[in-house]
Amino acid sequence: MDALGTLLRTHNCNELGTDHLAEEVVLMGWVLRRRDHGGVIFIDLRDRWGITQIVFNPEINPEVHQKAHQLRSEWVLAVRGRVEARPDDMANPKLKTGAIEILVNELRILNASETPPFPLDEDVEVSDSLRLQYRYLDLRRPEMAAKIIMRHKAAQAVRAYLSDNGFLEIETPVLTRSTPEGARDYLVPSRVNTGRFYALPQSPQLFKQMLMIAGMDRYFQVVKCFRDEDLRADRQPEFTQIDMELSFVHEEEIIAITEKMIKALFAATRNIDLTPPFKRMTYDEAMRRFGTDRPDTRFGLELIDLTETLRGCGFKVFNSIIEKGGVVKAINAKGCATFSRKDLDNLTEYAGRFGARGMAWIKIKEDEWQSPITKFFSEDELTAMGKALDAQPGDLILFGADSLNIVQQVLAELRLELAGRLNLIDRETFDFLWITDFPLLEYDHEQKRHTAVHHPFTAPAEDQMELLTTEPGKVKSRAYDLVLNGNEIGGGSIRIHQRAVQEKVLRALGIDKQEAEEKFGFLLRALELGAPPHGGIAFGVDRLMMILTESESIRDVIAFPKTQKATCPLTEAPAPISRKQLTELSLRPDWKEK
RNA sequence: GGGGUCGUAGUUCAGUUUGGUUAGAACGCCGGCCUGUCACGCCGGAGGUCGCGAGUUCGAGUCUCGUCGGCCCCGCCA
């Protein structure tokens, strides 16, 4: 092993070319691959920036060549040598530095390495647990490094854009208080205050509102948020938001500013020139046409409502559902009449996952409508259906019949599944869509009360204040979501800035005056001390980066992510703690010690 | 809380359907040869708690039950 000493790196492994011929350079990095011919030895040296081929030639320098025989994967090297053009026809067009190589005359071995537990130089699929256990190796792989680098560029573009537009980056507490509503909190016991707990923030929502009341006017933060809920491919318990709040604004200003921010972010990361304004759709229209509040509008297969067409129809199953207040909707899968019985069974099973109790279908053939259910319908009913669905020979009609919620969910998922199978999605497109006019509240049948669709601080539509006490479920809010390719990547709202309005909304949520005072007293007090009109938005950085890097999982764009069981295989967190630590916190758990 | 799927050499996988001699392949690793490769090539070799634990059986990688872990999904995620 050699010391680094005072040796200085002159270039990285991605910048040398024919402009540097005959220069003496010093490179440092890791051995990616070695090709030892017995005589000449080639090493691909890798760093964060790229790969450069270094050469050991026994005729030029026998001692260094001898030393190079021992080099193995992931050894850490410093080399001094001359930049040489590669011999004719020996250039490697796959490498940016492929026109040159470094003829080494000094080799310092800075560190050896055990054989890595998985290969870093190939596209071999390695299990997630192994990758995460050795995340520092996983991140050396160029494709992973590229994702981390792109994430940095995104954060830098956002900071630059927002700073240039009058926003202040202000930190908010990580140790804060648990609030009702929303997700399960991560809790932190207080040592100094026995029996009391901090909560990690689900978002800095109330703090950014406090900053508006403090006159900061425009705030942003790239901030970690925490929600103790189960994980998914696009969901981690700790995640990062670009969090923003502005004073003296309405929806249009926030939308315009964030569109420009997203434009700057896409230019900086992917060199993609977006052209705002983005499309918009109301919540009601999205639910009606696509069955979801985050529709992927890169393809059709829209939901067609047949409830009125089929009211009183001869098919008992549909008719009784309609009579009980349910709905019948359908998707026309263009050209899918060729689906086999097996395909259809498969789709039915898929639909079952989302609560469908079955799935009726009709194949539109040239001479007949082929289906187990056509016989139940009159000629007029079939004609009316065909017209509503624009059914042409070769089409396949898939029905959802149940309560509105189930039909919407089932058909929305079926629509996505079909688009995937039929390859209808253009992967090159970035399809942005604002969803507006969300309902303020929704009824929770389990809790038997209304809950906030966005959060309890979202302002109701200005002209619907009266409805709040009479028909709270019908009130629209001033919330908006930004959807990208069917993923919710951001959401926000104009907030309530007057105490009376906030009290009214809390009451509609079933929070009485005393509880409101206990949990939100500081907010209510602040609202009566000169709170300006304000609103904001937050973007999910992880999901956005997942789309930008075309990753399958959110874990690929997080340097140190959690497994689906919310553990970290690298550090083995969460871990047991000592009895002493528990005692200091005055915690006396009743679980059994090992 | 629930459903699905996977777990075999360092890695990726075959073998499990139908239980049966010494559990295979590729890559990697180790040794030898090799002066223009770039996924270098050629020759040879080592390498296994078939996730773990019970059970059935004359006999279990293979069947049963339990358990642990990875991943995907439902619920959950204002």
Side-chain angles (χ1 to χ4, degrees), chain A residues 32-45 51-60 62 65 69 72-74 84 86-95 97-98 101 103 114-134 137 179-185 202-203 205 225-237 239 349-356 409-410 413 417 438-442 444 446-447 450-458 477 479 481 488 491-493 505 509 538 540 552-553 555 562-565 567 569:
Chain A
L32 176 62
R33 269 184 292 261
R34 70 189 170 103
R35 291 176 292 280
D36 187 340
H37 289 235
V40 67
I41 299 170
F42 300 99
I43 300 276
D44 291 333
L45 194 68
I51 296 165
T52 299
Q53 175 168 283
I54 61 177
V55 188
F56 299 87
N57 191 321
E59 288 174 7
I60 307 291
H65 174 261
H69 272 307
R72 292 294 184 273
S73 288
E74 300 307 313
E84 303 277 355
R86 297 207 191 174
D88 292 344
D89 304 335
M90 297 291 171
N92 184 347
K94 286 187 228 162
L95 292 185
T97 60
E101 61 196 10
L103 189 56
E114 298 280 313
T115 302
F118 54 87
L120 306 189
D121 62 337
E122 290 166 40
D123 297 331
V124 177
E125 286 283 319
V126 182
S127 79
D128 273 51
S129 55
L130 198 65
R131 287 175 61 193
L132 294 186
Q133 187 186 346
Y134 297 98
L137 297 180
T179 51
E181 305 288 305
R184 193 176 293 115
D185 285 317
Q202 296 181 26
S203 84
Q205 181 59 35
C225 303
F226 305 86
R227 294 175 192 177
D228 188 4
E229 298 293 349
D230 289 344
L231 292 81
R232 288 285 187 282
D234 63 349
R235 227 162 68 191
Q236 288 265 314
F239 59 99
E349 191 202 322
Y350 188 78
R353 276 205 243 170
F354 306 97
Q409 194 188 351
V410 166
E413 297 292 345
E417 177 67 14
F438 278 82
L440 184 72
L441 308 169
E442 65 189 342
D444 182 328
E446 269 182 32
Q447 296 185 53
H450 284 93
T451 58
V453 168
H454 189 58
H455 58 52
F457 320 109
T458 298
S477 75
D481 276 1
E488 184 202 325
S493 65
V505 169
L509 288 168
E552 298 277 313
S553 162
R555 292 184 295 278
K562 301 275 189 288
T563 67
Q564 192 164 50
K565 281 230 165 75
T567 65

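Owing to the predicted nature of the structure, the values given are computational and were not obtained by experimental measurement. Proteins get letters first, then strands, A, B, ... in listed order; numbering begins at 1 in each.
- Within 4.0 Å of A/P117, counting heavy atoms only, lie sugar-phosphate atoms of the nucleic acid but no base atom.
- Here the side chain of A/R184 pairs a donor or acceptor atom with the backbone of A/D228 at under 3.5 angstrom.
- Mapping A/P58 and A/D44 onto RNA chain B via the closest heavy atom, the residue that lands nearer the 5' end is A/P58.
- Between the side-chain ring of A/H37 and the base of B/C40, a stacking contact exists by the 5.5 Å and 30° definition.
- Atom NE2 of A/H69 is separated from atom P of B/G31 by 12 Å (rounded to the nearest Å).
- Relative ring orientation between A/H65 and A/H69 is described as perpendicular, the plane-to-plane angle rising above 60° on a 0-90° scale split at 30° and 60°.
- Rounded to a whole angstrom, the distance from the C1' atom of B/G48 to that of B/U12 is 16 Å.
- Going from the P atom of B/A60 to that of B/U67 covers 23 Å, rounded to whole Å.
- Residue contacts shown for A/D228 are absent, as no nucleic acid heavy atom lies under 4.0 Å away.
- Look at NZ on A/K94: it is 12 Å from C1' on B/U37, rounded to the nearest Å.
- Closest approach of A/R86 and A/G98 over heavy atoms only: NE-O, 3.3 Å.
- Atom pair A/F56:CZ and B/C38:P shows a separation of 18 Å (rounding to whole Å applied).
- Base pairing analysis places B/G55 opposite B/C63; the two distances defining the Watson-Crick or G-U wobble pair are each below 3.5 Å.
- Centre separation under 5.5 Å together with a plane angle under 30° holds for the ring of A/F42 and the six-membered base ring of B/U37, marking them as stacked.
- To the nearest whole angstrom, the two C1' atoms, one in B/G7 and one in B/A14, are 15 Å apart.
- Side-chain N/O atoms of A/Q202 and A/D185 include a donor and acceptor closer than 3.5 Å.
- Residue A/Y134 is tested with A/P117, A/P569, A/S129 for a side-chain contact (heavy atoms from CB on, under 4.5 Å); the sole match is A/P117.
- Atom CG in A/D89 sits roughly 10 Å away from atom P in B/U37 (whole-Å rounding).
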remark   = Its contact letters, B for base, S for sugar-phosphate only and - for none at protein heavy atoms under 4.0 Å, make nucleotides 70-78 of chain B read SBBSBBBBB
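- A gap of 22 Å separates the P atoms of B/U5 and B/A9, to the nearest Å.
- Note: CD1 (A/I41) to C1' (B/C38) measures 15 Å, nearest angstrom.
- Put simply, the side chain of A/N57 reaches to within 4.5 Å of the side chain of A/L103, judged on heavy atoms.
- Separating the P atom of B/C77 from that of B/U64 is a span of 37 Å, rounded to the nearest Å.
- B/C50 and B/C63 have their P atoms separated by 16 Å, given to the nearest Å.
- No N or O donor and acceptor, one from the side chain of A/E125 and one from the base of B/U11, sit under 3.5 Å apart.
- The interatomic distance linking A/F118 (CZ) with B/A9 (P) rounds to 17 Å, in whole Å.
- The same atom, C1', is picked in B/C40 and in B/A23; the two are 32 Å apart, to the nearest Å.
- Judged by Watson-Crick or G-U wobble contacts below 3.5 Å, the nucleotide B/U17 has no partner.
- Side-chain to base pairing of A/E101 with B/G36: one donor and one acceptor N or O lie within less than 3.5 Å of each other.
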message = The test is side-chain contact (heavy atoms from CB on, under 4.5 Å); show your working for A/L231 and A/K562 and say whether it passes.
response = CA-CA 9 Å; A/L231 292 81; A/K562 301 275 189 288; 4.3 Å; yes
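- Under 4.0 angstrom from either OP1 or OP2 of B/C30 there lies at least one side-chain N or O belonging to A/R72.
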request  = Evaluate side-chain contact (heavy atoms from CB on, under 4.5 Å) for A/V55 paired with A/V40, printing each intermediate quantity in order.
outcome  = CA-CA 7 Å; A/V55 188; A/V40 67; 3.4 Å; yes
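- Contact check on A/R35 versus A/D44 returns a salt bridge, with a Lys/Arg side-chain nitrogen under 4.0 Å from an Asp/Glu carboxylate oxygen.
- Contact annotation: A/R35 does not reach the phosphate of B/G36 (side-chain N/O to OP1 or OP2, under 4.0 Å).
- Rounded to whole Å, the distance from CG on A/D36 to C1' on B/C43 is 16 Å.
- Comparing the same atom, C1', in B/U21 and in B/G59 gives a spacing of 12 Å after rounding to whole Å.
- Relative to the side chain of A/S73, the nucleotides B/G10, B/C38, B/C29 differ in distance, and B/C29 lies closest.
- The CD1 atom of A/I43 sits 15 Å away from the C1' atom of B/U35 (whole-angstrom rounding).
- The nucleotide B/G7 finds its pairing partner in B/C68, both defining distances of the Watson-Crick or G-U wobble pair being shorter than 3.5 Å.
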